[in-house]
Chemist: 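My questions will all concern the structure given below.
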Amino acid sequence: MPTSRKAKPTFRLLTDGITDPFRHFAVEEALLRGVDEGTSPSTLRLRRVSPSVWIGVYQVPEEDVDLEYCRSQGIPVVRRHNPGGAVYQDEGSFCFSLFFKHEGLFERLGITKAAELYPIVADAVIATCAEYGLEAAHSPTNDCTIGGRKIYGSAQVEWGTAFVHSGTFLVSTDCEVMARVLRPSQLKFADKGFTNVRDRVVTLCEATGRSVEVGEVMEKMAAHLAKRVGFEL
């Protein structure tokens, strides 16, 4: 749905360079609390992290992660504050988080439910992929795919009056390591036509057949987010 014609809100752009996954999530929680308490402004945070596995707030790590392999390789397993399954991160991917007071922004966007934000943000992902000649699609509820393979995933958390929408974009992620550390049940792939993690995901570099700088994609994604969601950076 189109945004209203009111003056666009301003979001702070935060690129703090934190790559430690534990500190990363400490900052994410601090920002969410700060927006709720009125001590932090609406913020778009962009970041990359060192190799790590993130598990959902309700997840049992033994069910989806090869913990022994992670220990042997020094890959930390971190519990995040939003729901969803286990994901592997390295500096070949980037993440963003939109922090804001949900009531005002939802009204501007003409939505009433948090789930309605997923396709709006997905439009920005699709537009970013289009700049590289790729046709991406929103895969409800919270993924984007190219040729049916996942290139992007997202999650959301509501905290008092505050809201955060977070997404991860695969640019040049080491998918072989990802396939080694993640061990999801076959039920996760049953309705998608895949039998393993490696075949399920695709990176931007793989899809384009060339090297792409992560920082470049981050800038393009930030611009498309601002345009589609309707804010100034």
Side-chain angles (χ1 to χ4, degrees), residues 8-21 23-28 30-32 35 40-52 54 78 80 82 84 87-100 105 117-138 142-146 149-157 164-175 177-178 201-233:
K8 292 181 179 180
T10 298
F11 275 56
R12 169 181 58 177
L13 177 61
L14 179 59
T15 53
D16 47 50
I18 292 171
T19 58
D20 175 82
R23 191 176 176 205
H24 153 67
F25 280 111
V27 171
E28 292 281 291
L31 285 168
L32 191 55
V35 170
S40 290
S42 297
T43 299
L44 168 59
R45 181 176 181 237
L46 300 172
R47 74 277 181 187
R48 297 159 72 182
V49 298
S50 56
S52 51
W54 302 353
V78 187
R80 61 184 190 268
N82 51 31
V87 295
Y88 171 75
Q89 302 282 339
D90 61 21
E91 293 193 55
S93 60
F94 74 87
C95 308
F96 71 87
S97 291
L98 281 171
F99 299 88
F100 54 88
L105 192 64
L117 186 58
Y118 283 117
I120 292 173
V121 175
D123 285 346
V125 179
I126 292 168
T128 302
C129 290
E131 292 209 38
Y132 294 93
L134 299 171
E135 184 176 350
H138 177 221
N142 58 338
D143 296 341
C144 287
T145 58
I146 293 176
R149 299 171 70 190
K150 181 176 177 178
I151 193 169
Y152 166 87
S154 58
Q156 303 181 146
V157 172
V164 58
H165 180 106
S166 300
T168 298
F169 198 121
L170 304 181
V171 180
S172 57
T173 306
D174 190 331
C175 293
V177 174
M178 178 190 293
V201 300
V202 65
T203 68
L204 191 69
C205 289
E206 183 180 358
T208 58
R210 64 181 178 88
S211 177
V212 180
E213 289 294 327
V214 178
E216 172 188 293
V217 187
M218 291 172 74
E219 290 182 5
K220 293 181 184 296
M221 182 67 190
H224 284 297
L225 273 172
K227 181 178 180 180
R228 181 62 186 91
V229 179
F231 57 82
E232 301 285 353
L233 283 173

Chemist: Verify the neighbour count for atom CZ of R23: are there more than 12 heavy atoms of other residues, nucleotides or ligands below 6.0 Å?
Modeler: no
Chemist: Find out whether E91 and V49 are in side-chain contact, i.e. whether some heavy atom of one side chain is under 4.5 Å from a heavy atom of the other.
Modeler: no
Chemist: Would you indicate whether the side-chain heavy atoms of F169 and T128 approach each other to under 4.5 Å?
Modeler: yes
Chemist: Answer yes if the ring centres of F25 and W54 are under 6.0 angstrom apart, and no otherwise.
Modeler: yes
Chemist: Do F96 and V121 have side-chain heavy atoms sitting under 4.5 Å apart?
Modeler: yes
Chemist: Got a second to check how far M218's CE is from E213's CD, nearest 0.5 Å?
Modeler: 12.0 Å
Chemist: Contact between T43 and L98 at the side-chain level, heavy atoms closer than 4.5 Å - yes or no?
Modeler: no
Chemist: Is it the case that the ring center of H165 lies less than 6.0 angstrom away from the ring center of Y118?
Modeler: yes
Chemist: My understanding is that only one of L204, T145, T203 makes a side chain to side chain contact (heavy atoms under 4.5 Å, CB included) with I151; could you say which?
Modeler: L204
Chemist: As an exercise, state the distance from CG of L31 to CG of L14, rounded to the nearest 0.5 Å.
Modeler: 6.0 Å
Chemist: Can we say R80 and E28 salt-bridge, meaning some charged N sits less than 4.0 Å from an Asp/Glu carboxylate O?
Modeler: no
Chemist: Do T168 and Q89 have side-chain N/O donor and acceptor atoms under 3.5 Å apart?
Modeler: yes
Chemist: Short question: side chain of D143, backbone of G153 - any donor-acceptor pair under 3.5 Å?
Modeler: no
Chemist: Strictly distance-based, threshold 3.5 Å: is any side-chain N or O of S50 a donor or acceptor partner for the main-chain N or O of T19?
Modeler: yes
Chemist: In Å, rounded to the nearest 0.5 Å, how long is the span from OG1 of T15 to CG of L46?
Modeler: 7.0 Å
Chemist: Do the side chains of L170 and V201 get nearer than 4.5 Å, heavy atoms only?
Modeler: yes
Chemist: Enter the distance from L105:CG to S42:OG here, rounded to the nearest 0.5 Å.
Modeler: 7.5 Å
Chemist: Do we see a donor-acceptor contact under 3.5 Å between the side chains of S97 and R47?
Modeler: yes
Chemist: So, taking the atom named NZ in K227 and the one named CD in E232, what distance separates them when rounded to the nearest 0.5 Å?
Modeler: 12.5 Å
Chemist: Could you give the distance from SG (C129) to NZ (K220), rounded to the nearest 0.5 Å?
Modeler: 12.0 Å
Chemist: A side-chain contact here means heavy atoms from C-beta on lying under 4.5 Å apart; do R228 and I120 qualify?
Modeler: yes
Chemist: Tell me, with the steps shown, if I18 and R45 meet side-chain contact (heavy atoms from CB on, under 4.5 Å).
Modeler: CA-CA 11 Å; I18 292 171; R45 181 176 181 237; 3.9 Å; yes
Chemist: Show your working on side-chain contact (heavy atoms from CB on, under 4.5 Å) between C205 and Y132 and close with a plain yes or no.
Modeler: CA-CA 10 Å; C205 289; Y132 294 93; over 6 Å; no
Chemist: Using a 4.5 Å cut-off on heavy atoms from C-beta on, say whether the side chain of V214 contacts that of V217.
Modeler: no
Chemist: Using modelled atom types and a 3.5 Å cut-off, is there a donor and acceptor pairing between side-chain atoms of D174 and backbone atoms of D90?
Modeler: no
Chemist: Any chance you could lay out the side-chain contact (heavy atoms from CB on, under 4.5 Å) test for L117 and Q156, step after step, and finish with the verdict?
Modeler: CA-CA 9 Å; L117 186 58; Q156 303 181 146; 3.5 Å; yes
Chemist: We want to know whether R48 and H24 form a side-chain donor-acceptor pair, criterion being a heavy-atom distance below 3.5 angstrom.
Modeler: no
